[in-house]
Amino acid sequence: MQHFDNDYMEGMHPLILERLAATNMLKTTGYGCDDICESARSRIREACDAPDAAVHFLVGGTQTNATVIRAMLRPYEGVIAADTGHISLHEAGAIEAGGHKVLTIPHSEGKLSAEAVDAYIEAFRRDEAWEHMVQPGMVYVSFPTEYGTIYSLSELEALSAVCRKWSIPLFVDGARLGYGLMAEGADVTLRDLARLCDVFYIGGTKVGAMFGEAVVVPRAESIPHFFTTIKQSGALLAKGRMLGIQFDVLFNDGLYLRIARHAVEQAIRMREAMVAKGYEVFIPTPTNQLFFALTAEQLERLSSVTTFSEWEHLADGRTVIRLATSWATREEDIDALIAEL
């Protein structure tokens with residue numbers, strides 16, 4: 001039986017495990033104020049070509065999303081997201097629990113368009129009752145999206161321009177950022193994100209780390225007292241070097257992008273094999289997440305050889321499922337699945 005439920009089933013990259021073991025008995029300052037964390041910050045700043053950026057290490061994706069949004073929005077503001085956005089559907093109301101409404105608008109294959117965002121904000125500003133309403137104060141997108149799709153550079157530039165027009169920040173959820181940057185046809189880089197976004201994060205939990213995310217604020221002054229907000233939000237790790245070590249390893253010698261590309265390459269092999277066996281692609285995706293629309297017979301057959309995530313049920317009776325490769329997916333895992341299809 002194979003397992004392709006998600007991209008965080010395995011522990012951590014072996015090089016991280018080695019480094020954690022080698023530094024286990026070091027005595028360092030807590031809360032990310034140690035030399036190892038500073039080394040990791042320097043590597044990330046260099047990769048982003050953002051020498052003045054603030055880099056903060058948080059424990060997980062939900063905490064990161066909730067903390068960033070809490071830190072950047074006023075009490076009467078909400079965050080614009082696709083109606084399939086992670087903060088809208090899969091974080092148990094964490095954003096709303098923090099006092100901010102998620103303002104959902106329609107998507108196209110998981111993506112927001114600059115035109116839709118612009119129209120939404122303009123309609124809000126024209127409404128005579130706008131002072132009685134939740135004000136759009138931020139745009140949230142994920143890269144890749146919940147459907148494994150990615151924004152092109154031109155699409156991201158257009159979204160950034162709309163945010164600048166209305167003087168609101170653009171926040172990119174990068175929980176799976178490596179897989180998006182290394183996707184087929186991707187033309188967005190870390191430098192582009194640092195140039196176009198007000199804040200984004202580099203996902204570690206799903207891309208090689210045991211846990212943890214690295215928040216990058218290209219203009220550090222745009223989120224004052226962020227460290228304090230992180231602690232108030234319960235997202236600050238006392239033994240902060242455990243996070244710093246992981247990102248110091250991932251951003252040494254291009255490891256983060258190499259292992260992400262490996263996952264994408266294995267997903268391509270899986271997709272080609274499944275299509276050849278008659279499985280229908282639901283949404284074409286260039287990343288490590290694959291979506292297929294299965295008949296009842298196909299669903300039963302695939303369930304006998306691998307685990308996966310059920311995503312949605314279509315009106316025609318078919319089931320949309322997701323399979324995800326990861327940084328740790330072995331070629332022999334894909335070979336075994338192909339042999340059993």
Side-chain angles (χ1 to χ4, degrees), residues 3-48 50 53-68 173-182 190 200-217 226-227 230-231 233-264 266 288 324-333:
H3 301 281
F4 296 102
D5 307 51
N6 56 56
D7 41 22
Y8 46 95
M9 300 185 78
E10 297 89 357
M12 71 191 86
H13 193 281
L15 290 177
I16 293 176
L17 188 59
E18 289 177 14
R19 183 83 180 278
L20 285 169
T23 58
N24 187 48
M25 297 307 293
L26 284 180
K27 294 182 179 181
T28 59
T29 304
Y31 304 107
C33 299
D34 57 275
D35 291 342
I36 298 173
C37 285
E38 192 51 47
S39 173
R41 291 187 183 99
S42 296
R43 293 186 194 278
I44 290 172
R45 291 186 185 109
E46 182 178 359
C48 297
V55 179
H56 301 270
F57 301 114
L58 281 76
V59 293
T62 299
Q63 297 95 324
T64 298
N65 286 330
T67 303
V68 168
D173 174 336
R176 293 184 168 93
L177 185 59
Y179 305 131
L181 296 175
M182 291 291 100
L190 282 168
F200 65 96
Y201 70 94
I202 300 167
T205 302
K206 297 173 180 175
V207 194
M210 179 68 172
F211 59 91
E213 327 298 318
V215 174
V216 180
V217 188
F226 190 43
F227 180 92
I230 294 171
K231 183 152 192 174
S233 302
L236 184 66
L237 190 65
K239 294 183 180 180
R241 83 157 188 261
M242 300 301 169
L243 291 166
I245 285 170
Q246 296 184 79
F247 282 94
D248 200 44
V249 172
L250 288 172
F251 276 80
N252 182 31
D253 197 29
L255 179 64
Y256 185 74
L257 296 182
R258 287 205 314 275
I259 62 176
R261 179 59 192 173
H262 168 79
V264 172
Q266 299 312 308
N288 69 312
T325 59
S326 80
W327 60 273
T329 299
R330 302 174 302 172
E331 289 191 10
E332 51 264 41
D333 296 332

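Every value quoted in this text rests on a predicted model; they were computed, and no experiment measured them.
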Checklist line | Value rounded to 0.5 Å, distance of CE in Met210 from CG in Leu17 | finding: 9.0 Å
Note to self: Show, in sequence, the C-alpha distance, side-chain angles and deciding distance for Ile259 and Leu250, and conclude whether the side-chain contact (heavy atoms from CB on, under 4.5 Å) test is met.
What the structure shows: CA-CA 9 Å; Ile259 62 176; Leu250 288 172; 4.0 Å; yes
Check: From Ile202 CD1 over to Thr64 OG1, what is the distance, rounded to the nearest 0.5 angstrom?
Finding: 11.5 Å
Check: If every non-hydrogen atom of Ile16 is compared with every non-hydrogen atom of Ala209, which pair is closest and at what distance?
Finding: CD1-CA, 4.0 Å
Item checked: Nearest-0.5 Å distance that lies between atom CE in Met182 and atom CG in Leu257 -> 4.5 Å
Checklist line | Name of the residue among Val55, Val217, Asn65 meeting side-chain contact (heavy atoms from CB on, under 4.5 Å) with Tyr201 | finding: Asn65
Margin query: Run the ring-ring contact (aromatic ring centres under 6.0 Å, His included) test against Phe247 and tell me which residues pass, sequence neighbours left out.
Written below: Phe57
Check: Looking at residues at least two apart in the chain, or sitting in another chain, which of them share a ring-ring contact (aromatic ring centres under 6.0 Å, His included) with His13?
Finding: Trp327
Checklist line | Considering all heavy atoms, the nearest Asp7-Ala324 contact | finding: N-CB, 4.1 Å
Checklist line | Residues that Phe226 engages under ring-ring contact (aromatic ring centres under 6.0 Å, His included), provided they are two or more places apart | finding: His56
Margin query: Quick check for you: to the nearest 0.5 Å, what is the distance between Asp253 atom CG and Leu15 atom CG?
Written below: 10.0 Å
Next item on the list: Search all heavy atoms of Leu58 against all heavy atoms of Ile230 and return the closest pair with its distance.
Entry: CD1-CD1, 3.8 Å
Item checked: Pair Arg43 + Glu46: basic N to acidic O under 4.0 Å -> no
Check: In chain order, what residues pass the ring-ring contact (aromatic ring centres under 6.0 Å, His included) check against Phe251, with sequence neighbours excluded?
Finding: Tyr256
Check: If we only count heavy atoms from C-beta on, is the Leu190 to Leu177 side-chain gap below 4.5 Å?
Finding: yes
Check: Which heavy atom of Cys37 sits nearest a heavy atom of Gly32, and at what distance?
Finding: CB-O, 3.4 Å
Checklist line | Test: Lys206 and Glu213 ion pair at under 4.0 Å | finding: no
Notebook entry, point to check: Say you draw a straight line from OG1 of Thr329 to CG of Asn288; how long is it, rounded to the nearest 0.5 Å?
Noted result: 8.0 Å
Next item on the list: Applying side chain to side chain contact (heavy atoms under 4.5 Å, CB included), name anything that partners Gln63, two or more places apart in sequence or on another chain.
Entry: Val59, Ala235
Item checked: Validation row: Arg19, Asp248 side chains within 4.5 angstrom (heavy atoms) -> yes
Check: Could you walk me through whether Thr325 and Tyr179 pass the side-chain contact (heavy atoms from CB on, under 4.5 Å) check?
Finding: CA-CA 10 Å; Thr325 59; Tyr179 305 131; over 6 Å; no
Item checked: For the student: nearest non-hydrogen atoms of Gly240 and Asp34, plus distance -> C-OD1, 4.2 Å
Item checked: Pairs meeting criterion side chain to side chain donor-acceptor pair (under 3.5 Å) with involvement of residues 20-30, two or more places apart -> Thr28-Arg241
Checklist line | For Arg330 against Gln266, the heavy-atom pair lying closest together | finding: O-OE1, 4.3 Å
Next item on the list: Please round to the nearest 0.5 Å and tell me the distance separating atom CZ of Phe200 and atom SG of Cys48.
Entry: 4.0 Å
Notebook entry, point to check: Is a side-chain donor or acceptor of Ser39 paired with a backbone partner of Asp35 at a separation under 3.5 angstrom?
Noted result: no
Notebook entry, point to check: Would one find more than 12 heavy atoms of other residues, nucleotides or ligands at under 6.0 Å from atom CZ of Phe211?
Noted result: yes
